[in-house]
Amino acid sequence: MAHVIQNASLPQTFQHEDGPSFAMAQLLDSLELLRNRECFDSSTDFSTSETLQNHSMLLIGAAIILSMQLGFALFEAGFTSAKSASQMLFKNMLDVSVSGLVFFAVGYAFAFGLPVGSGDRSIIGASGFFLAGSALCQLPQFLFQLAFATTCVTIVSGGVGERTTFATTIVYSVIMSAIVFPLVAHAAWAPTGWLNTLGYFSDFAGGAVVHVTGGVMAFFGCWMMGPRLKVANSDNFERPVPHSTPLIVSGSLIIFVGFLFFNGATAYTRLSNQTYPEFAAALSMTNTVIAAFASTLTAVVYQSATVGKFSIVTTCSAFIAGCVSVCSFAPFMMPWAALVMGIATFFTYIAWEKLLVLLKVDDTVGAVPVHLGVGLLSTLFGPFLRLDGIFYTFSRNAWLGFGWNLAGCLVIIAWCGLWSFGGFWVLRRFGVLRHSLLADFVGSNAYEMVEQTYYIEPRGSSTRNANSGANNGNSHGVAQTSSRVLDRMTQVRDVIDTDDFPRTQPRALQPIMEAEREGRQRTITMHFHAADAFVTQDLRGATHGDCVV
C-alpha cells in the first residue's frame with residue numbers, strides 16, 4: 001500500500017533522514033497505514049462525516065460509561081460498613097483493571113473477532129488478540145465494548161462485597177471478561193453470532209448481555225459464599241444499615257449519567273448504518289430518564305403507603321433499576337412505554353428482594369434484583385412494548401421475538417450459571433472463596449488493607465482534653481473496652497470456616513455479636529495480629545482504626 005504522506009510533500013524540515021523531524025514523518029506514515037487497514041466490516045466508508053461522527057460519539061460514550069466505575073465505587077462503599085469500605089474501594093479498582101486488561105488480551109477477540117470457520121453462524125471469534133492486526137477505525141468500538149465488559153464485572157463485586165478474598169476477585173474478573181461475557185456478546189451482537197443471525201432475538205444495550213450475565217454470577221457468588229455475620233444473626237435476615245447515605249446518593253447520580261450514554265451512545269454502534277442514529281440516541285436517553293424517574297416515584301409512593309417512612313437504599317436502587325429496565329429496547333419504544341416499564345421495574349425489584357430473603361442469600365448492594373431481575377424484565381417485557389411488538393401488532397414475528405428472547409435468556413443463565421458455580425466451587429474447595437470469620441468480624445480493612453476508611457481520634461485524646469490525667473483515664477477505658485472485644489475475638493480463633501457457615505450455625509457466634517453491640521466508643525486495630533500491643537499502649541493523640549458503630 002502506498003504511503004499517503006510522501007517526503008516530497010513534506011516541509012523542508014522533514015526532509016532529513018535523521019533527527020526528530022524525520023522520526024515524526026515516519027510516525028505519521030505509520031498512523032496512516034494503521035488508519036487504512038481493513039476493518040472487519042470492509043464495506044464501511046470511513047471517510048464520511050457520518051462515520052466520523054459515529055466514532056466520536058462512541059469515544060465519548062466509552063469515556064462516560066467507564067466513569068460509571070466512580071459511581072459504582074461510591075455506591076458500593078456507601079452500602080458497606082465503615083470497617084470494610086476501604087477494601088470495597090480497592091476491589092473496585094482491582095476488578096476494573098483486571099477485567100479491562102483481560103478483555104484487551106483475549107475477550108474482545110472472542111467477542112468480535114473474525115468467526116471460526118466459514119459458516120453463517122458462529123459461537124466465538126478468533127482474531128484480534130491484544131488488538132493485533134486491528135485498524136485505528138476499530139478502536140472506538142473496542143473501547144465501547146470494554147466499557148460494557150467492565151460494567152458487567154463490577155455488578156458481581158457489589159453483590160459479593162465485604163466477603164471476597166483477593167484471589168476470588170481476580171478469578172471472577174478473569175472468567176467474566178475472558179470467556180463468559182465475550183461469548184454472550186458474540187452470540188447476541190457479532191454479525192455472525194448465532195443468536196443475532198436468527199433475526200428474532202433483540203437486546204439493544206445489554207439488558208441480557210450485560211445485566212443478566214453479571215446478575216447471574218452475582219447470585220451464585222452471594223449464594224455460595226453465605227451471608228455476612230451481621231446478616232446471618234439478624235432477626236429477619238435484614239441487610240445492615242449502610243454507613244454512608246451521601247455516598248449512595250452520589251454514586252447513584254453518577255451511574256444515572258453514565259446510563260444515559262450506556263443506552264444512548266449504543267445507537268452509534270447498533271444503528272450506525274441508519275440515516276439518523278442521533279434520533280435513536282435521543283429517544284434512548286429520553287426513555288432512560290422517564291423509566292428512572294417513574295421507578296423512583298413509584299418507590300416513594302410505595303414506601304409512603306406501606307411504611308410511612310422513606311429509605312435512601314430502596315429509592316436509589318429503584319432509580320438505577322429504572323435505567324436498566326429500558327436497556328434491551330431503549331430506541332424502539334415510545335416514552336409512555338418507558339413510563340410503564342419504570343413502574344413495573346420497582347415491583348420487580350421488590351419481588352426479587354423478598355425472594356433473596358426467602359432463599360437466605362445475602363446481596364450486599366442489591367445487585368441481583370437490580371441487574372438480574374430487572375434485566376430479565378427488560379428483555380422479556382420489551383417485546384410487548386416495542387413499536388412492532390405484541391401490544392401493537394400481535395403478529396407471529398412479535399411472538400417469535402418474545403420466544404427467542406426467552407430462549408436467549410435461558411441460555412445466558414445456563415452459560416453464566418455453569419461458569420459461576422464451577423468457579424466459585426473450586427475456590428471454596430481450596431478455602432479461598434471468602435474471608436475467615438475473624439476477618440468478617442474485625443472488618444476487611446483491618447484484615448487486608450493498610451489504610452482505613454476514616455481516622456477518628458479516641459475521645460479523651462490530647463487534642464480534646466489538655467488534662468493529661470483525664471486523658472490517661474479515658475485511654476485506659478478505651479483499652480479496657482478493646483480488651484473485652486479481643487476476648488470475644490479469641491472465641492473464633494478455633495472455629496472452622498465450614499462450607500455451609502453461617503447458614504447452619506450462626507447462633508454459635510452470638511457472643512461475638514453481643515460484643516459488637518456492647519459499646520460505641522471503641523477502636524479496632526489496623527492489623528489484628530498487633531491488637532494485644534494496641535490495647536496496652538498509650539492512646540494519647542492516637543488516630544488509627546475505624547470507629548465501629
Side-chain angles (χ1 to χ4, degrees), residues 39-41 43-46 48-68 108 111-112 137-152 184-186 188-191 193 195-196 199-211 255-292 322-339 341-342 375 378-379 382-383 385-389 401 405:
C39 289
F40 292 162
D41 183 9
S43 63
T44 303
D45 182 3
F46 292 96
T48 64
S49 59
E50 291 82 3
T51 300
L52 294 177
Q53 176 183 337
N54 292 348
H55 282 43
S56 299
M57 290 304 300
L58 284 180
L59 290 173
I60 295 172
I64 295 179
I65 295 170
L66 283 171
S67 71
M68 291 173 70
Y108 184 72
F112 298 101
C137 59
Q138 294 171 267
L139 297 186
Q141 170 75 359
F142 161 73
L143 288 171
F144 195 76
Q145 296 301 331
L146 181 143
F148 273 49
T150 55
T151 300
C152 186
V184 174
H186 183 88
W189 291 338
L195 267 177
N196 190 29
Y200 296 105
F201 180 85
S202 180
D203 183 11
F204 178 73
V209 174
V210 175
H211 298 287
I255 293 170
F256 168 69
V257 174
F259 261 113
L260 294 178
F261 287 82
F262 196 96
N263 294 336
T266 303
Y268 291 93
T269 182
R270 306 275 178 267
L271 305 174
S272 59
N273 59 340
Q274 302 299 315
T275 306
Y276 299 109
E278 58 270 20
F279 292 155
L283 183 57
S284 297
M285 290 184 172
T286 300
N287 287 336
T288 302
V289 168
I290 292 174
C323 299
V324 175
S325 68
V326 296
C327 281
S328 293
F329 297 93
F332 305 131
M333 60 174 61
M334 296 301 292
W336 70 263
L339 177 66
M341 287 292 291
S378 176
T379 310
L385 296 177
R386 61 179 293 166
L387 291 171
D388 58 348
N405 272 28

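Remember, predicted model here, so these are calculated numbers, not experimental data.
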Run the side-chain donor-acceptor check on residues 143-151: report pairs under 3.5 Å with partners two or more places apart or on a different chain.
{"unit_1": "Thr150", "atom_1": "OG1", "unit_2": "Leu146", "atom_2": "O", "d": "3.2"}
{"unit_1": "Thr150", "atom_1": "OG1", "unit_2": "Ala147", "atom_2": "O", "d": "3.0"}
{"unit_1": "Thr151", "atom_1": "OG1", "unit_2": "Ala147", "atom_2": "O", "d": "2.8"}

Separation of [Y] [atom2] from [X] [atom1] (nearest 0.5 Å):
X: Ile255; Y: Leu260; atom1: CD1; atom2: CG; answer: 12.5 Å
X: Asn287; Y: Ser325; atom1: CG; atom2: OG; answer: 9.0 Å
X: Cys323; Y: Met68; atom1: SG; atom2: CE; answer: 8.0 Å
X: Leu385; Y: Leu339; atom1: CG; atom2: CG; answer: 10.5 Å
X: Thr379; Y: Phe329; atom1: OG1; atom2: CZ; answer: 7.0 Å
X: Asp388; Y: Met333; atom1: CG; atom2: CE; answer: 11.0 Å

Taking all atoms of both residues into account, what is the closest heavy-atom pair of [X] and [Y], and its distance?
X: Val209; Y: Ala188; result: CG2-CB, 3.6 Å
X: Ser328; Y: Ala208; result: OG-N, 4.2 Å
X: Ala267; Y: Pro277; result: CB-O, 3.7 Å
X: Pro335; Y: Ile290; result: CB-CD1, 3.5 Å

For [Y], is there any backbone N or O sitting under 3.5 Å from a side-chain donor or acceptor partner on [X]?
X: Trp189; Y: Phe112; result: no
X: Arg270; Y: Phe204; result: yes
X: Asn263; Y: Ala330; result: no
X: Asn405; Y: Ser202; result: yes
X: Asn54; Y: Tyr268; result: no

In this structure, is the centre-to-centre distance between the rings of Phe259 and Phe262 below 6.0 Å?
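Yes, the ring of Phe262 comes within the 6.0 Å limit of the ring of Phe259, centre to centre.
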
Side-chain touch His211/Ser378, heavy atoms, less than 4.5 angstrom:
no

Is the shortest heavy-atom distance from the side chain of Pro331 to the side chain of Phe279 under 4.5 Å?
no

Evaluate Tyr108 against Gln141 for side chain to side chain contact (heavy atoms under 4.5 Å, CB included), listing each step before the verdict.
CA-CA 10 Å; Tyr108 184 72; Gln141 170 75 359; 3.5 Å; yes

